[in-house]
Student: 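This is the structure, below, for whatever I ask next.
Naming: A, B, ... by sequence-line order, numbering from 1 per chain.
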Number of protein chains: 2
Amino acid sequence: MNIGEAAAATGVSAKMIRYYEQVGLIKRPLRSMAGYRVYSPSDVHALRFIRRARDLGFTVEQIGELMQLWQDRGRASADVKAIALEHVKVLEAKMREIEEMAKALKHLARTCHGDGRPDCPIIEELAESHEPPARDSRLGKGFERLR
Amino acid sequence: MNIGEAAAATGVSAKMIRYYEQVGLIKRPLRSMAGYRVYSPSDVHALRFIRRARDLGFTVEQIGELMQLWQDRGRASADVKAIALEHVKVLEAKMREIEEMAKALKHLARTCHGDGRPDCPIIEELAESHEPPARDSRLGKGFERLR
DNA sequence: GCTTGACCTTCCCATCATGGGAAGGCCCAG
DNA sequence: CTGGGCCTTCCCATGATGGGAAGGTCAAGC
C-alpha cells in the first residue's frame with residue numbers, strides 16, 4: 001500500500017502522513033525498491049487512530065502520548081482518562097472564551113440599527129478608551145491561537 | 001511616547017505594535033532623532049481600538065476593515081454590523097465544533113473506569129477501524145487552526 | 001516497446017499572530 | 001562616564017497544514 005492509498009484509506013492526507021513520520025508520531029515505513037513508502041495494515045490502523053484522535057481535537061503531542069499508551073499493554077486506563085479529561089477542560093475553557101466573545105459581539109450588533117446612518121455602537125464601543133486589562137491570561141497555554 | 005510606553009498604555013506588546021505597522025494596520029509613526037518610534041495620543045487610541053477588536057476575536061484582516069470604517073465618517077453602520085454578525089457566525093460554528101469534541105470525549109471518559117486496569121474504552125474507541133468520513137469540511141475556511 | 005498521465009520522492013515556502021533573541025545604538029540616573 | 005534599561009533591525013520558531021517545483025516511477029493503452 002503506497003502513501004496515496006493509505007491516505008485514501010485513513011482520511012489523512014499524504015502530506016500529513018509524511019509530516020507525522022517526520023515528527024516521530026509514526027515509525028518510518030518500509031520502502032519499495034523505487035523508494036516509495038509502503039504501508040502495512042497495522043500502519044494504516046495507526047493512521048486511523050491518529051485521525052480519530054485529531055478529530056477529537058488532540059494535539060500531535062497528546063496523540064503521541066495516547067499512542068504510547070495504546071501500544072503499552074500494561075498501561076493504566078487512569079492515565080488515558082487523565083489525558084482525556086485534561087483535554088476536556090481545555091476544550092471547555094475555549095468554549096467559554098468564544099462564548100464570551102460571541103455574546104459581547106451579539107450585544108453590540110443588537111444595539112446597532114444597521115442602516116445607512118453612520119452612528120454605530122459597535123465602532124463607538126471599540127473606539128472608547130478603556131483601561132488596558134493587562135491581558136490577564138487566565139486561560140494559560142494552548143490559547144495562543146484561539147482568536 | 002515611545003513604543004514601550006505605548007505598549008504599556010494599550011496592552012499591545014511592542015512586538016505586536018511593530019507587526020501591525022509592518023502589515024499596514026497602523027500608519028508608520030513619527031520617529032525621534034535617534035530613530036525611536038514616537039506615538040501620539042491618537043496613535044494610542046488606534047492601538048486600543050485594535051486591542052479591543054482583537055479581544056473580540058477579530059482577525060487582523062477584519063480589524064483592518066473595521067478601522068477603515070472607523071475612520072470613514074460617512075460609513076454605513078450596516079457595514080459594521082455585517083462584519084460583526086459574520087464574525088458571530090464563525091464564533092458560533094467554532095463553539096459547536098468544540099462542543100461536539102468535548103461531548104464525545106466526556107462520553108468516552110465516563111465509560112472509562114479509570115483505575116489501574118488496562119482496559120480502556122477511550123483507547124479502544126480510538127483504535128477501532130471506522131470508515132474515514134472523508135474529512136468533510138462543512139465548516140469551511142477559518143477553521144484550519146481551530147483544534 | 002513507447003508514450004502519457006498519474007503517481008511518488010525530496011525540498012522549499014507560506015500561512016497567522018506571536019514571541020525569543022542577537023547585535024548594536026541611545027538615554028538617563030547616579 | 002558608566003551601567004542598565006530602553007530602543008532599533010534582522011532572523012528564527014511556533015503548529016498543522018497545504019502549495020508547488022523538479023525529478024523519478026509505474027501502469028494502461030496504443
Student: Could you state the CD1-C1' distance from I3(A) to dG18(D), rounded to the nearest angstrom?
Tutor: 14 Å
Student: Between dC8(C) and R31(A), is there an OP1 or OP2 to side-chain N/O distance shorter than 4.0 Å?
Tutor: no
Student: Find the distance between CZ (R28(A)) and CZ (R18(A)) and round it off to the nearest 0.5 Å.
Tutor: 16.0 Å
Student: Between dT17(D), dT9(C), dT9(D), which nucleotide gets closest to the side-chain atoms of Y20(A)?
Tutor: dT17(D)
Student: Just the rounded figure in Å: distance from C1' of dC6(D) to CG of N2(B).
Tutor: 7 Å
Student: Flag the pair E5(A) and R37(A) as a salt bridge only when some basic side-chain nitrogen lies within less than 4.0 angstrom of an acidic carboxylate oxygen.
Tutor: no
Student: In whole angstrom, give the distance that lies between atom CZ of R54(A) and atom C1' of dT17(D).
Tutor: 9 Å
Student: Rounded to whole Å, how long is the line connecting atom CD1 of I50(B) with atom P of dT18(C)?
Tutor: 11 Å
Student: Quick one: E61(A) CD to dA16(D) C1', roughly how many Å, whole number?
Tutor: 14 Å
Student: More 5' along DNA chain C: S32(B) or K15(B), using each one's nearest nucleotide?
Tutor: K15(B)
Student: Report the distance from atom CD1 of I63(A) to atom CD1 of I26(A), rounding to the nearest 0.5 Å.
Tutor: 11.5 Å
Student: Within the pair R18(B) and dT18(C), is there a side-chain N or O less than 4.0 Å away from OP1 or OP2?
Tutor: no
Student: Can you tell me how far the CG atom of L56(A) sits from the CD atom of Q62(A), to the nearest 0.5 Å?
Tutor: 10.5 Å
Student: Starting at OH of Y36(B) and ending at C1' of dG24(C), how long is that distance when rounded to a whole Å?
Tutor: 11 Å
Student: Once you round it to whole Å, what is the distance between C1' of dA16(D) and CD1 of I17(A)?
Tutor: 15 Å
Student: Identify, between M16(A) and G4(B), the residue whose nearest nucleotide on DNA chain D lies closer to the 5' end.
Tutor: G4(B)
Student: When you get a sec, tell me which of dA17(C), dT9(D), dT10(C) is the closest nucleotide to the side chain of R37(A)?
Tutor: dT10(C)
Student: Return the 5'-most residue of the pair A34(A), Y19(A) with respect to DNA chain D, ranking by each residue's nearest nucleotide.
Tutor: Y19(A)
Student: Rounded to the nearest 0.5 Å, what's the gap from CZ on F58(A) to CD1 on I83(A)? Could you check?
Tutor: 7.5 Å
Student: Atom CD of E5(B) to atom P of dG5(D): distance rounded to whole Å?
Tutor: 16 Å
